[in-house]
Amino acid sequence: MKVYINGSIKEFKAKKISPEELIIQLNLNGKRFAIERNGEIISKNSFDEIYINDGDKIEIIGAVGGG
Amino acid sequence: MVDRNLNTNDKLIIAGRSFQSRLLIGTGKYNNFEETRAAINASESEIVTVAIRRINLGQSPNEPSLLEFLPSNEFTYLPNTAGCFSADEAIRTLRLARELLDGHNLVKLEVLGDPETLFPNVVETINAAKILVKDGFDVMVYTSDDPIIAKQLEDIGCCAIMPLASLIGSGMGILNPWNLEIIIDKANVPVIVDAGVGTASDASIAMELGCDGVLMNTAIALAKNPILMASAMKKAIESGREAFLAGRMDKKHYSASPSSPAKGLIK
């Protein structure tokens, strides 16, 4: 399946993937982030209730320097 | 007895949170996180703004992040909506920020109207503020120095009004002290000058006018020596605040008054 992550296409062998698995694959475990699927925030306590599917648009954000 | 101990008794209260420092600092435009941290230490600021952006997916897992340099047990984060040009973008950004920061709801709303001047779009700002306040956010709001808009934002429920002194990143200083004075006079929530401060005297002027605080980024980050400027800003904020509380003498344009006795002159 193909998933859009932060504007770039990423391919996965699986047909669906949990948010947790996605975070591990992207080397982001242990980092502070928030994640959105198709415009809806996936809260951390609903990580095991939701799957990311083919064509989904994912945004993963963090904090950077700004004024 | 005169209260000389302002440092312990004079606090900035925003949405029930209490702060010793009236200097709020942005974390952008520094050369690296070490410099950011050193400047913030020198400023003794407690509130630090952060921007919300897509995570760089190519980075190495061990690469440090801004939040690791500014831990949440030492600082109050103020996530902003810099770069947002519509209410929808700003609301989306701050909801993500709240998720990122484990429910932290104190935020800085700014909705820009023009990429060249970064003037705020006050219509979109008001629209966003209404929704964010209803959604449980404590909204500190960047706005123009229009007293009517400032009052409307307060009436919506914003917890601090943050008028510009001059354009973001311009360093032009306090261009319209008269408008700021009207905003301060009318406000029942903290008024914090946000944007435009260029050097320490600008920060002092804002505080002498009666502002409750000043938020700045570029004036420190783009100084030749940011850490020294951060220290200067801390002192400027404190001296301006003390001067405001002390109550300045009346200005006398046409009648000078000698400071030394008129009697006993040697003739």
Side-chain angles (χ1 to χ4, degrees), chain A, chain B residues 24-33 35-36 48-70 72 77-83 88 92-93 95-104 108 110 142 168-169 194-195 215-221:
Chain A
M1 67 165 180
K2 287 178 183 169
V3 178
Y4 298 85
I5 303 174
N6 288 357
S8 303
I9 292 179
K10 195 163 166 60
E11 289 200 39
F12 295 89
K13 282 178 188 159
K15 284 185 177 164
K16 59 180 186 177
I17 185 170
S18 71
E20 200 153 23
E21 185 57 33
L22 177 72
I23 291 307
I24 292 167
Q25 289 209 20
L26 294 173
N27 270 332
L28 292 174
N29 42 328
K31 295 276 176 194
R32 289 192 85 165
F33 59 85
I35 180 166
E36 195 186 62
R37 187 190 65 154
N38 301 331
E40 300 270 327
I41 290 171
I42 309 177
S43 79
K44 278 158 198 133
N45 42 28
S46 64
F47 258 34
D48 41 6
E49 297 159 19
I50 282 176
Y51 278 95
I52 291 156
N53 300 301
D54 186 45
D56 278 353
K57 291 189 170 64
I58 304 296
E59 293 287 338
I60 306 173
I61 61 91
V64 301
Chain B
L24 295 75
I25 295 252
T27 55
K29 299 181 180 169
Y30 289 94
N31 289 311
N32 51 54
F33 291 146
E35 187 185 68
T36 312
V48 294
T49 66
V50 297
I52 304 301
R53 291 291 181 272
R54 284 172 165 172
I55 274 186
N56 176 10
L57 295 173
Q59 70 181 357
S60 100
N62 300 324
E63 204 172 302
S65 72
L66 176 68
L67 298 186
E68 286 160 10
F69 274 81
L70 303 172
S72 59
Y77 300 138
L78 191 60
N80 70 25
T81 60
D88 285 347
R92 182 186 185 191
T93 299
R95 284 178 175 155
L96 279 165
R98 181 168 62 182
E99 174 65 21
L100 171 74
L101 301 173
D102 305 316
H104 176 77
K108 170 180 161 177
E110 60 179 294
Y142 171 66
I168 294 173
D194 179 5
L215 197 166
M216 66 180 77
N217 191 152
T218 313
I220 295 174

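Chain A is the first sequence line, chain B the second, and so forth, proteins listed ahead of strands; every chain is numbered from 1.
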Enquirer: Working to the nearest 0.5 angstrom, can you tell me the gap between A/Ile60 CD1 and B/Leu57 CG?
Expert: 5.5 Å
Enquirer: So which N and O atoms of chain A and chain B form donor-acceptor pairs under 3.5 Å?
Expert:
from, atom 1, to, atom 2, distance (Å)
A/Asn6, O, B/Arg54, NH1, 3.2
A/Asn6, ND2, B/Ile55, O, 3.1
A/Lys31, NZ, B/Pro61, O, 3.0
A/Lys31, NZ, B/Glu63, O, 2.8
A/Arg32, NH2, B/Asp102, OD2, 2.9
A/Glu36, OE1, B/Arg92, NE, 3.0
A/Glu36, OE1, B/Arg92, NH2, 2.4
A/Glu36, OE2, B/Arg92, NE, 2.9
A/Lys44, N, B/Glu99, OE2, 3.0
A/Lys44, NZ, B/Glu99, O, 3.1
A/Glu59, OE1, B/Arg54, NE, 2.7
A/Glu59, OE2, B/Arg54, NH2, 2.8
A/Ile60, O, B/Ile55, N, 2.8
A/Gly62, N, B/Arg53, O, 2.8
A/Gly62, O, B/Arg53, N, 3.1
A/Val64, N, B/Ala51, O, 2.8
A/Val64, O, B/Ala51, N, 2.8
A/Gly66, N, B/Thr27, OG1, 3.0
A/Gly66, O, B/Thr27, N, 2.8
A/Gly66, O, B/Thr27, OG1, 3.3
A/Gly66, O, B/Thr49, OG1, 2.7
A/Gly67, N, B/Asn217, OD1, 3.3
A/Gly67, O, B/Asn80, ND2, 2.5

Enquirer: Grab the two heavy atoms, one from A/Ile52 and one from A/Pro19, that are nearest each other, plus how far apart they are.
Expert: CD1-CA, 3.9 Å
Enquirer: Of all heavy-atom pairs between B/Phe69 and B/Pro64, which one has the smallest distance, and what is that distance?
Expert: CE1-CB, 3.7 Å
Enquirer: Top residue by heavy-atom pair count (under 4.5 Å) with chain A, among B/Leu66, B/Leu96, B/Ile52?
Expert: B/Leu96
Enquirer: Is any side-chain heavy atom of A/Leu22 less than 4.5 Å from a side-chain heavy atom of A/Leu28?
Expert: no
Enquirer: Measure distances from A/Ile42 to the heavy atoms of chain B and classify the residue's part below 4.5 Å as side chain, backbone, both or neither.
Expert: backbone
Enquirer: In Å and rounded to the nearest 0.5 Å, what is the CZ to CD1 distance from A/Phe12 to A/Ile17?
Expert: 4.5 Å
Enquirer: Based on non-hydrogen pairs under 4.5 Å, which of A/Ala34, A/Gly66, A/Gly7 is most in contact with chain B?
Expert: A/Gly66
Enquirer: Given the options B/Val50, B/Leu215, B/Leu24, B/Ile168, which has more heavy-atom pairs under 4.5 Å with chain A than any of the others?
Expert: B/Val50
Enquirer: Tell me which of these, B/Leu78, B/Leu70, B/Leu67, has more heavy-atom pairs under 4.5 Å with chain A than the rest.
Expert: B/Leu67
Enquirer: Tell me, side chain or backbone of A/Ile41 under 4.5 Å from chain B's heavy atoms, or both, or neither?
Expert: side chain
Enquirer: Of the listed residues (B/Gly83, B/Gly28, B/Gly26, B/Ala51), which shares the most heavy-atom pairs with chain A below a 4.5 Å separation?
Expert: B/Ala51
